[in-house]
Amino acid sequence: MAGRCRGLRGGRVGVVRGGGADGAAHQIAHFLRELAAAEPGRRAAAVKGLGRVGRWAAAYEDVVAGVAEAVVRAAQDPAAVVRAGAADALGLLGHVGGDGAGAVVVGLMGDPDGGVRRRASLAAERLALEGPDVVGAFRRLMSDDSDWHLRLNGLLGLARREGNPETAVLIRLLGDNGTMVWGHARIALYASLRDRRVREQVLHTARYGRGMSRARALDMLPSKDLARLRGSLLDGLRDECPGVRGMSASKLPDDRRSRTAVLSALAAETDAEAARQMLHTLGWWGEERAEPLAVRWLDHPESGSTAVWALARIDTPTAWEWIRTVVVSGPGPELWPGLGHHEVRTAAARALGERPDPRTTELLLPLLRDPDERIRAGAVRGLMQLGQHEPRGAEQQAERRAVVEALLGLLTTDEAILHDTRNALSHYPEALPAVRRLIDHPSDEVRAVAVSLLDVDEDGDVRLLLGHLHDPSESVRYQALYGISRYVDAYGELPDAADRAGLLGELRALAHGPHSSVTSFNIRLTAGRILDKLEKEGKA
C-alpha cells in the first residue's frame with residue numbers, strides 16, 4: 001500500500017517513496033514515537049530514519065515540522081549510538097535541520113565517544129560548515145588518538161577550509177600509525193617541499209626526529225639532501241625505532257664504511273622488516289660478508305624472500321647451495337622450522353630459474369606436485385625464468401623437453417595456476433606443436449591459453465586465430481582477437497582471410513558495440529586498437 005511504513009527491521013529503516021505528504025507524515029510520526037523507546041538501538045534507528053525521510057519530505061514543509069527539534073534533542077541522548085545517529089541525521093537534513101544544526105554538529109565533534117565524533121565530522125562535511133569553531137574542531141580531531149579515521153577527517157577537513165596545516169603538524173602526522181593519515185600528510189609535504197623552510201624542517205626531522213616521522217622524512221628526501229645526512233644515517237642504524245634503522249640502511253651510499261656499519265647493524269637486528277631493508281641494501285651492493293647473516297633470516301616469512309634475493313645477488317657457490325636447500329625444505333620440526341615457508345620457497349624457486357644450473361630442473365619439477373598451490377606457482381615461475389636461457393648441448397635440450405611435458409600436464413590438470421603455466425610455456429617455443437593439439441580442448445580456459453600461445457608468424461596459426469574469432473567462449477574470442485592485433489602490429493595489415501572486408505566490418509562492429517563484462521570491454525578496446533593501427537597504415 002502506498003505510504004505504508006515498513007518499520008524497523010534489525011536496525012534498518014525502510015523508506016517508502018511515492019506516498020506523498022500522507023506517507024511521509026505517517027513515517028515521521030512512527031519515528032517520533034520510536035524515539036521514546038527504551039532500547040538505544042531503536043532510538044538510534046528512529047533518529048536516522050528521521051534524517052532520511054525528513055530530507056526526502058522537505059518538499060512538504062508542513063510534514064517536516066518538528067523533525068529538526070526531535071533530532072537536536074536526540075543529540076543529547078545518554079546513549080552514544082543515538083548521538084551518532086543524530087549526527088548522521090543532521091548531515092542528511094541539510095537546511096531542513098534549521099539554523100542551529102551546525103552548532104549542534106560542531107558540539108558533537110567534541111563528544112566523549114569517538115564514534116560520535118567520527119559521524120559528526122562527516123556531517124560537518126555534508127553541511128559544508130565554515131567558521132572558526134568548525135576549523136578548531138577539525139584541528140582537535142587531528143590530535144585524536146582513538147581512531148585514525150578521526151585524524152584523517154581532521155586533516156582533510158582542515159585542508160579543505162584553510163589549506164594544508166602548518167609543516168610541524170604535517171610532520172607529526174607523518175609518524176601516524178594510520179596509513180591513510182601519514183600518506184595524506186606526506187602528499188601535502190611533497191607539494192611544498194620546494195619551499196626552503198619546509199625542506200629545512202623535513203631535513204631536521206630526518207636528522208633528529210623520532211619514530212616513523214624520522215623514517216618517512218628520510219624516505220622523502222632526494223639524494224642531494226641525503227648526502228648531507230651521512231652521519232645521521234649511520235647513527236640511525238642504532239635508533240630505537242626499527243623503521244629508522246631499516247630506512248637508514250637503505251639510504252646510505254655504497255662504500256666500505258657503510259657496508260661495515262650495515263653488517264654490524266644486521267648482526268644485531270631483531271626486527272624482521274628492518275632486517276629485510278638491510279638485506280636488500282647489502283644484496284644490492286653484492287656484499288659477500290652478508291652471506292651468513294642472510295642465511296640467519298631465511299626462516300622468517302617477512303624477510304626470508306629478501307634473504308633469498310640477497311643470496312642470489314651475492315652469487316657465491318655457498319649462497320646458491322642455501323637457495324637450493326630452501327627449495328627442497330618443508331615445514332616441520334627441523335633445525336630451521338620456518339625454512340619451508342611458502343613465500344621463501346617461491347622466491348628460491350624463482351631465483352634458481354634465473355641462473356642456469358644442471359640441478360635446477362630436477363629440483364623444480366617435483367615441486368609441481370606440491371599440495372600448496374603457492375609452491376607450485378613458484379616452481380612454474382622458476383621454470384619460466386629457466387626457459388629464457390638458450391639450451392646448450394643435448395642434456396639441456398632433454399631437460400627442456402621434460403619441463404615442457406610437465407607444463408603441458410599442468411595446463412590441463414591444474415586450473416589454479418593456469419596463468420603462471422601459460423606464461424612459462426611462452427618461453428618454450430618447442431611446446432607449440434603440443435599446444436596446437438589443445439586448440440579444441442573442451443575447457444574454455446585451456447582453449448584460451450592455447451590460442452594465446454599461437455605464433456602469428458606461422459600461417460597455420462593465423463588461420464587458427466581467425467577460426468576462433470567466433471568461439472563460444474568469450475575469453476577464447478578475446479585471445480583470438482588479441483592474436484590478430486599482434487599480427488597487425490607485426491605486418492601493418494589484416495591477415496589473409498576468405499572475406500577480408502567482412503573481417504574489417506566485424507572489427508568495426510566489435511569496436512562500437514555494447515559491452516556487458518570486463519572481457520567484453522577488452523574485446524571492444526582491442527578491436528578499436530586494431531582499427532587505429534590499420535587507419536595509420538592506410539589499410540582501413
Side-chain angles (χ1 to χ4, degrees), residues 75 83-84 86-95 97 99-206 208-222 225 243 247:
R83 299 196 302 277
D88 274 332
L90 288 169
L92 288 170
L93 286 172
H95 73 279
D99 296 336
V104 175
V105 168
V106 173
L108 290 173
M109 289 175 72
D111 192 274
D113 183 84
V116 177
R117 296 196 298 276
R118 183 174 171 185
R119 307 313 300 176
S121 65
L122 295 176
E125 290 289 57
R126 289 194 195 104
L127 295 172
L129 298 181
E130 299 286 349
D133 291 343
V134 182
V135 169
F138 276 114
R139 282 188 184 278
R140 288 189 291 275
L141 288 182
M142 286 195 298
S143 300
D144 198 308
D145 292 332
S146 63
D147 185 353
W148 68 265
H149 294 90
L150 289 169
R151 299 191 294 278
L152 179 61
N153 290 353
L155 174 59
L156 298 180
L158 186 65
R160 276 191 279 267
R161 286 158 179 81
E162 288 196 332
N164 290 326
E166 51 269 25
T167 305
V169 174
L170 291 174
I171 287 176
R172 173 173 59 80
L173 293 176
L174 198 61
D176 200 277
N177 292 329
T179 303
M180 293 291 288
V181 180
W182 69 258
H184 277 279
R186 183 172 65 175
I187 290 170
L189 282 169
Y190 265 129
S192 53
L193 200 57
R194 292 183 179 179
D195 185 293
R196 183 181 59 82
R197 290 171 298 179
V198 174
R199 197 187 204 87
E200 287 301 322
Q201 288 189 62
V202 174
L203 275 166
H204 184 272
T205 304
Y208 308 112
R210 295 179 62 83
M212 291 307 297
S213 287
R214 181 181 179 188
R216 290 168 185 147
L218 282 170
D219 197 30
M220 289 179 62
L221 292 171
D225 287 332
M247 190 62 67

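The structure presented is a predicted model; accordingly, all values stated were derived computationally and were not measured. Values reported hereafter were calculated over all heavy atoms of this structure, with side chains retained and with hydrogens, waters and symmetry mates removed.
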Test side-chain contact (heavy atoms from CB on, under 4.5 Å) applied to [X] - qualifying residues, sequence neighbours left out:
X: Leu129; answer: Val105, Val106, Ala124, Leu127, Val134
X: Ala86; answer: Val47, Val71, Ala74, Ala75
X: Asp147; answer: Arg118, His149, Leu150
X: Ala215; answer: Met212, Val244, Met247

Only counting residues at least two apart or in another chain, list the ones meeting salt bridge (Lys or Arg N to Asp or Glu O under 4.0 Å) with [X].
X: Glu130; value: none
X: Arg199; value: Asp225
X: Arg216; value: none
X: Arg196; value: none

Side chains of residues 136-145: which donor-acceptor partners sit under 3.5 Å, not counting sequence neighbours?
from	atom 1	to	atom 2	distance (Å)
Arg139	NH2	Glu162	OE1	2.8
Asp144	OD1	Arg117	NH2	3.2
Asp144	OD1	Ser146	N	2.9
Asp144	OD1	Ser146	OG	2.5
Asp144	OD2	Arg117	NE	2.7
Asp144	OD2	Arg117	NH2	2.8

[atom2] on [Y] to [atom1] on [X], rounded to 0.5 Å:
X: Asp195; Y: Gln201; atom1: CG; atom2: CD; result: 9.0 Å
X: Arg126; Y: Leu93; atom1: CZ; atom2: CG; result: 11.0 Å
X: Asp88; Y: Leu108; atom1: CG; atom2: CG; result: 10.5 Å
X: Leu203; Y: Met220; atom1: CG; atom2: CE; result: 10.0 Å
X: Leu152; Y: Leu156; atom1: CG; atom2: CG; result: 4.5 Å
X: Trp148; Y: Asn177; atom1: CH2; atom2: CG; result: 12.0 Å

(request) Quick one: which residue pairs count as a salt bridge (Lys or Arg N to Asp or Glu O under 4.0 Å) with a foot in residues 102-116, not counting sequence neighbours? (result)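 Qualifying pairs, neighbours excluded: Arg83-Asp111.
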Can you give me the closest heavy-atom contact between [X] and [Y], atom names plus distance?
X: Pro165; Y: Leu170; result: O-CD1, 3.7 Å
X: Ser213; Y: Gly175; result: OG-N, 3.1 Å
X: Ala123; Y: Ala87; result: CB-O, 3.3 Å
X: Ala188; Y: Ser192; result: O-OG, 3.4 Å
X: Leu193; Y: Val198; result: CA-CG1, 4.3 Å
X: Leu218; Y: Ala206; result: CD2-CB, 3.7 Å

(request) Can you establish whether the number of heavy atoms outside Arg210 located under 6.0 Å from its atom CZ is more than 12? (result) no
(request) Quick one: list whatever passes side-chain hydrogen bond (donor to acceptor under 3.5 Å, both in side chains) with Thr205, sequence neighbours left out. (result)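 By the side-chain hydrogen bond (donor to acceptor under 3.5 Å, both in side chains) rule, Thr205 matches no residue at all.
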(message) Listing request: all side-chain hydrogen bond (donor to acceptor under 3.5 Å, both in side chains) pairs with a residue in residues 180-189, at least two apart in sequence or in separate chains.
(response) none
(request) Give the intermediate values and the outcome of salt bridge (charged side-chain N to carboxylate O under 4.0 Å, His left out) for residues Arg172 and Glu166. (result) CA-CA 10 Å; Arg172 173 173 59 80; Glu166 51 269 25; over 6 Å; no
